[in-house]
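Inspection log for the structure reproduced underneath, given as structure tokens.
Sequence lines set the chain letters: A, B, ... in the order given, protein chains first and strands last, and positions in each chain run from 1.
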Amino acid sequence: MIDIKFIRENPDIVKNACAVKNFADNVDDILALDKRVRELKTITQTKTAEKNKITREIPTATDKAPLIAQSKKIGEEIAADMAELADKEAELNELLHCVPQIPSADAPIGRDDGDNVEIRRVGEPPKFDFTPRAQWDLLDMNNWWAPEKIGEICGTRTYCLMGEAAELSLAIQTYVIQKLISKGFRFVECPSITKPQTIFNAGHFKGSDLSVMNNDVFMLTDTDRCLAGTAEIILNSLHADEVLNEKDLPIKYAGFSPCFRKEAGAAGRDTRGLVRFHQFNKVEQYIYCTPEQSDEMHEHILNNLCEVMEDLELPYRVIANCTGDMGFNKVKMNDVEAWFPSENAYRELGSCSSIGQFQARRTNTRYRAGDGTLQFCATLNNTGIALPRALVPVIENHQNADGSVNIPKKLQPLMGGRTKIGGKH
RNA sequence: GGAGCGUUGGCAGAGUGGUAAUGCAGCGGAUUGCUAAUCCGUGACCGUGUUAUAGCGGUCCAUAGGUUCGAGUCCUAUACGCUCCGCCA
């Protein structure tokens with residue numbers, strides 16, 4: 001969430017942020033409520049001070065009765081004002097939770113993903129001297145999945161990988177985890193079951209009403225738990241209510257977890273192949289740092305994902321997501337998209353986000369700065385790799401005429417030294 | 001699932017109805033000057049105030065209620081942790 005003091009002092013910046021991110025602008029209502037809340041605080045606090053003064057005289061007074069009566073009377077007056085204060089504060093809080101994060105000045109302004117900007121392109125889409133197969137044909141002919149069977153027994157938007165494809169998926173995850181560990185990330189195997197409040201604290205949803213997430217998040221019936229859509233949720237709360245030491249920052253985590261999403265807004269999209277499921281696996285990069293370190297860390301974790309693309313020998317591009325596409329809690333966002341030959345298009349494999357102090361304010365994660373003061377941490381996150389989606393460009397880009405798939409060099413040690421899988425044996 | 005114990009500042013840790021001890025760390029200051037020590041100050045959040053400080057006031061002892069003139073302390077519920085029992089990959 002955004003600091004009320006910042007809104008007081010910079011209402012125009014906040015109004016502009018609401019406009020370019022397509023969120024309702026409640027700034028004027030917030031400022032009016034804030035003014036009234038402060039008035040009520042002054043009134044109740046003055047009366048409370050008066051009451052405290054009398055209460056403190058009671059133990060030593062010879063005639064206690066009149067003091068007790070007076071204290072009781074002031075107490076009743078305070079209760080009336082407190083009721084209005086509580087109402088107004090709740091109202092103010094609700095509006096504050098609907099104020100989006102201020103986007104970075106260098107983020108492109110735009111309405112939706114049509115206004116995103118490509119900032120660089122690395123590698124060339126492969127040229128095949130045969131008719132390349134789409135992912136589903138490669139998977140079928142190599143017996144690497146069983147979509148009809150799994151659909152029948154588990155329902156839509158589920159998948160299974162079999163044989164060498166399952167091995168390759170695990171090898172990619174292991175490769176990325178080891179790479180991140182070597183770059184100073186602490187590996188965390190995260191739970192997927194969590195409390196709704198934990199999801200809310202990651203700041204993807206606006207407002208204070210937890211039921212807004214029911215559309216996107218699987219709730220577990222007859223419990224107070226739900227399933228997290230990403231390890232970011234857990235990593236974001238790992239230091240909630242703690243005070244970190246500035247000298248320990250940045251703290252870098254590589255989280256791994258199964259991820260669960262309803263995909264309610266994607267009905268009919270990507271129903272074939274390995275792109276979009278209710279459950280998938282993801283390695284996630286997550287950073288705690290000072291606001292001053294944030295831009296450098298953004299480049300660091302973006303670069304890590306780009307390196308993974310290069311290690312997987314995939315043509316890819318980096319996108320600067322526009323203000324309207326980046327979401328509620330973000331300062332800036334860069335999607336990394338790999339080349340999907342079957343779609344003749346680049347498609348998202350990862351998303352790198354700077355959150356500023358927005359999440360840390362919700363989780364109350366602070367650090368003791370060099371000057372002794374307390375500050376909210378800045379947080380960032382990026383995909384490490386997501387499976388099985390990442391398998392699609394790997395098998396499509398590296399396929400051979402016989403339906404076999406060349407294994408990228410860096411993965412070969414994790415595949416028992418094999419250089420290719422599948423095809424006619 | 002059952003029983004017991006616990007939750008106080010960054011950390012450790014006192015506090016049995018009347019203004020939350022103390023130690024360590026961090027930060028600020030003073031002093032000494034062989035690289036460290038000694039002394040003093042300093043909890044967080046909010047309101048008010050200030051160019052900025054200071055000052056003044058309020059709140060905070062896991063969370064939410066309750067009793068009371070007054071609650072860290074008494075009562076109720078919940079969350080989390082630990083120990084033991086049961087079950088279990």
Side-chain angles (χ1 to χ4, degrees), chain A residues 1-10 30-93 95-97 189-201 208 210 219-220 222-226 233-234 236-249 251 258 288-290 292 357 360-377:
Chain A
M1 60 191 288
I2 298 290
D3 188 2
I4 178 67
K5 280 181 238 166
F6 183 87
I7 300 175
R8 257 178 231 155
E9 287 160 19
N10 306 280
I30 286 171
L31 293 176
L33 273 169
D34 175 52
K35 185 161 174 284
R36 181 60 183 154
V37 164
R38 286 191 288 161
E39 283 168 5
L40 286 166
K41 276 187 177 170
T42 305
I43 293 167
T44 54
Q45 287 178 6
T46 306
K47 284 183 182 168
T48 304
E50 202 183 327
K51 178 165 179 281
N52 287 346
K53 189 161 170 281
I54 293 166
T55 300
R56 287 189 196 113
E57 288 168 7
I58 291 174
T60 54
T62 44
D63 186 8
K64 293 180 169 46
L67 291 175
I68 289 172
Q70 208 179 340
S71 174
K72 227 171 175 170
K73 182 169 166 290
I74 299 173
E76 282 156 16
E77 289 173 25
I78 293 169
D81 290 330
M82 288 293 274
E84 189 190 347
L85 177 58
D87 283 354
K88 290 282 191 284
E89 266 193 313
E91 214 176 313
L92 175 59
N93 244 320
L95 289 182
L96 280 175
H97 278 115
E189 187 174 298
C190 292
S192 301
I193 296 177
T194 188
K195 298 180 179 181
Q197 185 67 46
T198 307
I199 294 185
F200 177 75
N201 284 346
S208 313
L210 300 183
M219 307 303 293
L220 297 174
D222 296 332
T223 73
D224 59 349
R225 314 288 187 84
C226 55
I233 304 291
I234 308 320
N236 171 61
S237 285
L238 218 49
H239 296 289
D241 297 316
E242 291 182 21
V243 176
L244 305 171
N245 286 322
E246 184 174 15
K247 66 173 172 9
D248 294 330
L249 301 177
I251 296 174
Y288 290 90
C289 65
T290 69
E292 293 71 32
Q357 296 171 308
R361 217 171 243 115
R362 282 198 176 180
T363 56
N364 192 31
T365 304
R366 296 175 295 173
Y367 68 95
R368 177 84 59 187
D371 62 2
T373 60
L374 289 172
Q375 310 286 342
F376 288 105
C377 294

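B:A44 and B:U59 make up a base pair, with Watson-Crick or G-U wobble contacts both under 3.5 Å. Base pairing annotation: B:A52 forms no Watson-Crick or G-U wobble pair, as no partner gives both donor-acceptor distances under 3.5 Å. Under the Watson-Crick and G-U wobble criteria, each requiring two contacts below 3.5 Å, nucleotide B:U68 is left unpaired. Across all strands shown, B:G4 forms a Watson-Crick or G-U wobble pair, both distances under 3.5 Å, with B:C82. With a 3.5 Å ceiling on both atom-pair distances, B:U16 lacks any Watson-Crick or G-U wobble partner. Using Watson-Crick or G-U wobble geometry with both donor-acceptor distances under 3.5 Å, B:C88 finds no partner in any strand shown. Nucleotide B:U38: paired with B:A30 (Watson-Crick or G-U wobble, both distances less than 3.5 Å).
Here A:R36 lies out of heavy-atom contact (under 4.0 Å) with every strand. No contact: A:K53 has no heavy atom under 4.0 Å from any strand. Heavy atoms of A:L244 sit nowhere under 4.0 angstrom from any nucleic acid atom. Residue-level contact check: A:N52 touches the backbone only, with heavy atoms under 4.0 Å from sugar-phosphate atoms and none from bases. Counting non-hydrogen atoms under 4.0 angstrom, A:T42 reaches the backbone sugars and phosphates but no base. Here A:K64 lies out of heavy-atom contact (under 4.0 Å) with every strand.
Within the 4.5 Å cutoff, the side chain of A:I74 has heavy atoms near those of the A:I54 side chain. Residues A:H97 and A:F200 have side chains in contact (heavy-atom distance under 4.5 Å, counting atoms from C-beta outward).
When the P atom is compared between B:G33 and B:A62, the two are found 48 Å apart, to the nearest whole Å. Comparing the C1' positions of B:U19 and B:G70 gives a spacing of 11 Å, expressed to the nearest Å. For the P atoms, the distance linking B:A79 with B:U22 amounts to 37 Å, nearest Å. Here, B:G17 and B:G13 have their P atoms 23 Å apart, quoted to the whole Å. Across the P atoms, B:G41 and B:C60 are found 27 Å apart, a figure rounded to whole Å. With P as the reference atom, B:G81 and B:C45 are 28 Å apart, rounded to whole Å. Across the P atoms, B:G23 and B:G18 are found 24 Å apart, a figure rounded to whole Å. Distance check on atom C1': B:C84 versus B:A25 gives 36 Å, rounded to whole Å.
Regarding A:I4, its CD1 atom lies at a distance of 17 Å from the P atom of B:C45, rounded to whole Å. When the C1' atom of B:G58 is taken as reference, atom CZ of A:R38 falls 16 Å away, rounded to whole Å. Between A:N93 atom CG and B:C46 atom C1' the separation is 13 Å, expressed in whole Å. Spacing between atom CZ of A:R368 and atom C1' of B:U42 amounts to 10 Å, rounded to whole angstrom units. Spacing between atom CD of A:E89 and atom P of B:G58 amounts to 17 Å, rounded to whole angstrom units. Rounded to whole Å, atom P of B:C11 lies 11 Å from atom CZ of A:R366. The distance between atom CD1 of A:I54 and atom P of B:G70, rounded to the nearest whole Å, is 12 Å. Atom CZ in A:R225 sits about 14 Å away from atom C1' in B:U78, given to the nearest Å.
For the pair A:T365 and A:H239, the tightest heavy-atom approach, listed with the atom from each and the gap, is OG1-O, 3.3 Å.
For A:K195, counting side-chain heavy atoms from C-beta on, the closest listed nucleotide (B:G18, B:C80, B:G58) is B:C80.
Side chains of A:E89 and A:N93: a donor-acceptor N/O pair is absent below 3.5 angstrom, by distance only. In the model, A:T373 has a side-chain atom that pairs as donor or acceptor with a side-chain atom of A:Q375 under 3.5 Å.
Comparing A:T46 and A:D371 by the nucleotide of RNA chain B that holds the closest heavy atom to each, the one mapping nearer the 5' end is A:D371. For the pair A:A49 and A:E39, nearest-nucleotide mapping onto RNA chain B gives the more 5' position to A:E39.
A distance of 10.5 Å separates OG1 in A:T194 from CG in A:L220, rounded to the nearest 0.5 Å. Note that the CD atom of A:E246 and the OG1 atom of A:T290 stand 6.0 Å from one another [nearest 0.5 Å].
Looking at A:E242 and A:R366, no side-chain N of the basic residue comes within less than 4.0 Å of a carboxylate O on the acidic one, giving no salt bridge.
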Kindly indicate, with the supporting measurements, whether the criterion salt bridge (Lys or Arg N to Asp or Glu O under 4.0 Å) is fulfilled by A:R36 and A:E39.
CA-CA 5 Å; A:R36 181 60 183 154; A:E39 283 168 5; 3.1 Å; yes
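Heavy atoms from other residues, nucleotides or ligands lying under 6.0 Å from CD1 of A:I193 number 12 at most.
The stretch residues 66-80 of chain A touches RNA chain B through A:I68, A:S71, A:K72, each having a heavy atom under 4.0 angstrom from the strand.
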